[in-house]
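Residue numbers begin at 1 in each chain, while the letters A, B, ... track the order of the sequences. All values below come from the heavy atoms of this structure, side chains included, with hydrogens, waters and symmetry mates left out. All values reported here derive from a predicted model rather than from experimental measurement.
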Number of protein chains: 2
Amino acid sequence: MNINKIIIDISEKNHIRLTHQRKKVIEILISNSNRHVSAEDIYTLIKDKDDNIGLATIYRTIKILEDKGILIRHDFGNGEAKYEFVMKEKEKHDHLICKQCGKIIEMAGILPENLNQKVLKEKGFYCKEFHLIIYGYCDECNNVRVNQSVHSKVKY
Amino acid sequence: MNINKIIIDISEKNHIRLTHQRKKVIEILISNSNRHVSAEDIYTLIKDKDDNIGLATIYRTIKILEDKGILIRHDFGNGEAKYEFVMKEKEKHDHLICKQCGKIIEMAGILPENLNQKVLKEKGFYCKEFHLIIYGYCDECNNVRVNQSVHSKVKY
DNA sequence: GTGAATGCAAATTCTTTGCATATGA
DNA sequence: TCATATGCAAAGAATTTGCATTCAC
């Protein structure tokens, strides 16, 4: 199935009117589904292809796709939302973020299998999406840390 | 241990110079440690007590407390950071957020015990903080959803 | 043809920063 | 005393909105 067919498929299944701009946004999202992209990223990637689009349109499109569950929004805590295209085939994964260098490492299979039932039973809550972010230190940064001192003596 | 003593304790342990404003911020955080408060919330709560403080000071204080690990920052995806005072005694918990009404339910004991070792072994990553947010539907909203139709026919 | 989408610029919201003044240790 | 914190207002960054124009169906 080529990318054009996939896009048409998405738009029809989700009742999204397919404009030139929306097509471009979805195209970029699909071809970058291995990354986390911001609205600005999408904007730049489209501009790079000598295509014109307004940032506002991107924000509006993103919101629709998110509503439809086609796009997952991540807040990694730097004040900029990142988006990830949902591929059925792709394994769900969580994110490890280094507090020192900001690197994001993906890791799958962290959460237990039976979480949905557990949460439903205990809290009457129907789980749809699990967002687990683990903050800590990656290997390299941790080595630097232990060589220096972990507890800063800096006076504020 | 009264609240004043606790605040002095925090400031000394963490080498934070104790100003009138910082005292106020910490005081508000402690007395609202059962909630998630934003910078604006803290500002309003202090103003309500007929005390004066600048928003900038609150942001600066928050940043220090977060650096010191006294405060946990949560990004719940509405563009506003929320903070939670860390009480040693308080059990760590995760958050269930209803996609419909926005309600936040706290739940403890979701994550497995041995995560630190697992992540370290698999990815060489040293875990410090676990932020698990589960998006879904609370009991009430889910009832409404199943009575209506789950899939919107609205054309965008 | 017509209601809905777009682009632009202006408006909003949250957060940060520069600088003169005030203050805690 | 004196480095550091504060308040204010201005700057920044991300996102949203109003409105005239354009476009998909």
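- One interatomic measurement links the two molecules: CG of B/L18 to P of C/dT23, which rounds to 15 Å at whole-angstrom precision.
- Remark: P of D/dT4 and CD1 of B/I16 are 15 Å apart, rounded to the nearest angstrom.
- One finds no side-chain N or O of B/Y59 lying less than 4.0 angstrom from the OP1 or OP2 phosphate oxygen of C/dT16.
- Here D/dT15 presents its C1' atom at 15 Å from CD1 of A/I64, a figure rounded to the nearest Å.
- Side chain of A/T19, nearest nucleotide from C/dT16, C/dT6, D/dA14: C/dT6.
- If you take CG of A/D75 and C1' of C/dC14, they are 13 Å apart, rounded to a whole angstrom.
- When each of A/A56 and A/E40 is assigned the nucleotide of DNA chain D with its nearest heavy atom, A/E40 is the one assigned upstream, toward the 5' end.
- Of the candidates C/dG24, D/dG7, C/dT6, D/dG7 carries the atom nearest the B/T57 side chain, counting heavy atoms from C-beta on.
- Taking side-chain N and O atoms only, B/K63 has no distance below 4.0 Å to OP1 or OP2 of C/dT15.
- Atom CG of A/N52 is separated from atom P of D/dC23 by 12 Å (rounded to the nearest Å).
- Each of A/I58 and B/G79 lies near DNA chain C, and the nucleotide nearest A/I58 is the one positioned closer to the 5' end.
- Which of D/dG7, D/dA5, C/dG3 sits closest to the side chain of B/R17 comes down to D/dA5.
- Between A/R22 and C/dA5 there is a side-chain N or O to OP1 or OP2 distance below 4.0 Å.
- We find that CZ of A/R60 is positioned 10 Å from P of C/dA5, with the value rounded to whole Å.
- Taking the side chain as every heavy atom from C-beta outward, A/K82 and A/R73 never approach each other to under 4.5 Å.
- For B/H36 and B/Y83, the ring centers are positioned 6.0 Å apart or more.
- Heavy-atom nearest nucleotides on DNA chain C were determined for B/Q21 and for B/N78, and the one closer to the 5' end corresponds to B/N78.
- One can place NZ of B/K24 at 16 Å from C1' of D/dT6, the figure rounded to the nearest angstrom.
- A perpendicular orientation is assigned to the rings of A/H95 and A/H74, their planes being inclined by more than 60° (bins at 30° and 60°).
- Nearest nucleotide to the side chain of A/I53, out of D/dT15, C/dG7, C/dT15: C/dG7.
- In this structure, the side chain of B/N2 engages the main chain of B/N4 through a donor-acceptor pair within 3.5 Å.
- Proximity of B/K103 to B/I105: side-chain heavy atoms (C-beta onward) are separated by under 4.5 Å at one or more points.
- At the heavy-atom level, A/K23 lies nowhere under 4.0 Å from the strands shown.
- One atom, CD1 of A/I42, and another, P of C/dT6, lie 13 Å apart when rounded to the nearest Å.
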